[in-house]
Amino acid sequence: MIRMPVILNLLTKSVIIFFAILYSTSLRAKEGMWIPATIKAHEKEMKAMGLEIPIEQLYNKDGTGLNNAVVLFGRGCTGEIISSKGLILTNHHCGYGSVQGLSSAENDYFANGFWAQNMHGEIPCKGLTVTFVRRMENVTDRVLAGISDTLKDAIRDSIIAVHVGLLEKDFMTITHLDATIKPYFEGNQYWVAITETYRDIRLVGFPPNSIGAFGGDVENWIWPRHTGDFSIFRVYAGADNKPADYSSANKPYQADQFFTISTAGYKEGDFTMVYGFPGTTREYISSYELSQVYDITDPVSIAARNRKLDIWSKHMGWTRDNFIKYTSKRAGVANGWKKWQGEMLGLKANDVIGKKQQFEKGFQKWAAADHTLPYANDLLAQMRSAAEAASPLILQDQYNREAALGIELIQQGAAFESVVACFRLGLSQTALHDTLKKVVAGMEGFYKNYDAPTDKDVFISLMVLYFNKCSNSLPEYFTSQYIAHNEDINVWAADVYNTSMLTSIVKVKDFAENATAADSTKLIGDPAWKLYDAINTMRKQKILPGLKDYYGHMHYLDRLYMKAQMAANKNRIFYPDANLTLRLTYGQVKGLDPEGPAKYSFQTNLKEVVALDDSTSDIFKVPKKLKDLYLKKDYGRWGVSGAMPVAFVASNHTSGGNSGSPVLNAKGQLIGTNFDRAYEGTMSDYYFDPTRCRNISVDIRYTLFIIDKFGGAGWLIDEMNIAHPKPNKK
Ligand code: ARG
Ligand code: GLU
């Protein structure tokens with residue numbers, strides 16, 4: 001052991017104590033999204049919190065763990081296997097896109113729901129896949145062999161890419177499965193996931209929107225919640241039970257591992273776990289980077305979207321046509337808008353930036369005293385100056401993206417890049433027409449859901465914001481047009497929307513059908529194209545290169561800072577930020593009371609759903625059949641003392657991507673399906689506060705009740721494994 005001078009030794013000790021205090025509080029104990037292959041380290045705590053099964057049942061090297069019952073559903077959700085015949089449970093909003101492709105005016109599954117009556121009735125969903133993670137292994141030593149921490153990212157990345165490529169190939173050869181290596185802890189660790197992706201997935205059950213999306217955007221991100229946000233699919237496999245393209249000869253996937261369902265319920269304080277694929281979190285960034293979120297990206301996005309959503313909502317109220325055109329777009333824009341408001345509220349209430357600054361002081365003391373990582377002492381100063389230099393650029397580009405490019409007509413200019421490119425190719429007349437026709441056919445989807453008068457109002461409102469906030473950095477063409485229209489944005493908007501052909505599919509098609517090689521000038525002279533081109537060129541020349549440098553440099557610093565944080569606190573168990581890989585998190589069923597005694601229970605029920613019934617509302621209209629079941633208390637084996645639980649909250653650390661995740665009890669049995677977080681705690685992507693952060697789940701008994709009593713699809717329940725079935729008390 002090398003002896004340090006006494007003063008340094010004391011200093012180091014006090015720093016260690018500082019870090020220990022910061023992280024030993026029981027409040028932080030349940031934070032974390034753990035790599036299943038490392039969960040053993042948490043066994044003691046999990047057992048103390050209530051876990052009743054051997055931890056190896058959750059994950060083990062032999063391939064018999066419950067990880068084999070969890071799937072990445074599509075590209076960004078989670079699903080769980082709930083029968084030996086490959087039945088998958090996920091969220092309604094996760095199945096939504098697939099069902100949109102299967103729905104029509106005659107078969108309106110959003111209005112009426114869908115329930116297959118047997119396996120023959122299950123509908124293939126083109127393009128939908130699910131991925132199982134069979135095994136994970138830490139391959140850091142092999143990926144980072146011979147690479148120093150401070151090697152420049154460009155060189156480092158290219159060496160890593162070679163290592164990763166070779167290793168992935170080796171794993172595939174050995175396992176005959178897919179292998180993907182991803183960075184963790186900002187690139188300080190690398191793990192391989194051995195996976196299998198199935199591509200014949202069929203729709204089995206889908207409640208109508210009046211159950212599966214009940215409460216809509218109004219209840220989105222909110223507790224208490226009343227949504228039956230679930231849907232059911234099935235995995236099909238080839239004769240060898242392996243992934244296969246769709247074929248009517250395929251068979252239901254035979255699952256060795258699937259979740260047993262518990263109808264025994266839960267009470268406040270009960271241990272819970274969530275298994276799934278969280279997408280992105282940034283728990284370890286510096287206060288400087290977090291300030292950019294809190295001071296720039298969140299508030300600018302919210303301000304721009306306030307305007308857009310106001311106008312969309314107004315126009316949606318005017319005609320049914322507009323409602324249909326904008327309802328899905330509105331949900332997407334509003335989802336982020338509401339989450340960021342919750343995020344800002346939580347960051348402020350917890351003074352997270354202040355806490356980070358405090359932490360950084362301690363870190364700096366450690367870095368000055370401890371020389372294991374020679375670069376550590378300089379890191380925060382470098383991060384600070386990089387962030388401060390980039391902030392004006394980030395601010396401006398957030399307005400470029402949310403305000404200027406937030407106007408649909410200008411954004412649509414991007415799609416016309418390929419049209420402009422057609423003219424540059426110097427094609428023959430016939431070839432030009434053929435190509436234009438194809439390009440324009442790809443735009444039908446956009447125009448189907450586009451209303452120019454609505455967008456014109458958005459143009460006026462967002463341009464006012466853009467001109468107010470970016471007066472010194474506007475694209476030249478924007479300023480000259482504004483002046484040319486008497487500095488009146490209304491006049492300018494009227495002119496743009498009257499003269500641009502990008503406002504309607506009819507005009508666009510007409511142009512495509514009649515264009516000659518000389519007509520490229522018509523497009524290049526179009527005001528909407530010119531607006532797009534002006535902002536695009538300005539971003540490419542003045543903004544994006546600087547941002548690219550900044551994010552590249554910051555990524556380098558973030559990696560070193562992550563490593564140094566880990567070195568500074570050897571006793572703390574760190575979890576890697578979410579990166580859409582399989583994670584396990586654990587917590588407790590818990591009400592939500594950030595400001596005092598909980599106003600609401602930790603659970604909602606059908607009585608509360610029916611109390612919200614509003615026949616004039618699109619989102620709060622309870623289906624008649626559900627009301628009838630409620631009035632008769634016809635809950636089958638799923639009710640509890642004459643009540644029907646609907647949703648519940650717990651303190652599991654989840655994020656976007658955990659939608660559809662299995663929520664498990666102490667025995668590893670399924671008690672619900674995760675689908676959201678509570679507004680008060682959406683800042684958990686940056687900071688987890690156990691008093692405010694809650695994941696929201698559909699109670700499995702509500703899911704079973706809807707399948708059985710509402711959907712009349714009891715045959716599905718027969719293939720599930722249900723623990724503690726109660727006698728049928730009708
Ligand atoms: N907030 C949840 C998520 O981030 C649910 C979104 C879908 N529901 C809705 N009402 N828009 O995905
Ligand atoms: N609804 C989110 C999703 O689709 C989950 C909510 C969250 O962000 O935690 O993944």
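Numbering of ligands and ligand atoms starts at 1, following listing order.
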Basic-acidic side-chain contact under 4.0 Å: Asp613, Lys627:
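Looking at Asp613 and Lys627, the cut-off is met.
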
One residue to check: [X]. Relative to ligand 2, which of side chain, backbone, both or neither has a non-hydrogen atom less than 4.0 Å away?
| X | result |
| --- | --- |
| Lys339 | neither |
| Ser655 | backbone |
| Phe277 | neither |
| Asn658 | backbone |

Relative to the heavy atoms of His93, which atoms of ligand 2 are at a distance of less than 4.0 Å?
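Those qualifying, in numeric order: 1 (N), 3 (C), 4 (O).
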
Only heavy atoms of Gly657, strictly under 4.0 Å: list the atoms of ligand 2 that pass.
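Here the atoms of ligand 2 in question are 3 (C), 10 (O).
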
Please state which option from Gly681, Ser661, Ser659 has its nearest heavy atom closest to atom 1 (N) of ligand 2.
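Heavy atom nearest to atom 1 (N) of ligand 2 belongs to Ser659.
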
Working to the nearest 0.5 Å, report the span between NZ of Lys709 and CG of Leu704.
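Going from the NZ atom of Lys709 to the CG atom of Leu704 covers 12.5 Å.
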
Does either side chain, that of [X] or that of [Y], offer a donor lying less than 3.5 Å from an acceptor on the other one?
| X | Y | value |
| --- | --- | --- |
| Thr319 | Asp321 | no |
| Ser301 | Gln398 | yes |
| Asp451 | Thr454 | yes |

Run through ligand 1 for me and note each protein residue having a heavy atom under 4.0 Å from it, chain first, then residue number.
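Around ligand 1, where the cutoff is 4.0 Å for heavy atoms, the contacting residues are His93, Gly216, Asp217, Asn220, Trp221, Asn335, Phe675, Asp676.
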
How about [X] and [Y]: are their ring centroids closer than 6.0 Å?
| X | Y | value |
| --- | --- | --- |
| Tyr679 | Trp221 | no |
| Phe648 | Tyr266 | yes |
| Tyr686 | Tyr294 | no |

Do you know which of Asp685, Asn658, Thr682 makes side chain to side chain donor-acceptor pair (under 3.5 Å) with Arg677?
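Exactly one candidate clears the test, Asp685.
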
Would you check whether Arg677 has a nitrogen or oxygen atom less than 3.5 angstrom from a nitrogen or oxygen atom of ligand 2?
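Min N/O separation from ligand 2 is below 3.5 Å for Arg677.
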
What I want to know is whether Gly656 and ligand 2 share at least one N or O pair that is separated by under 3.5 angstrom.
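By distance alone, the answer is yes.
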
Set out, in order, the CA-CA distance, both residues' side-chain angles and the distance that settles ring-ring contact (aromatic ring centres under 6.0 Å, His included) for His92 and Phe206, then state yes or no.
CA-CA 7 Å; His92 191 267; Phe206 190 80; 4.0 Å; yes

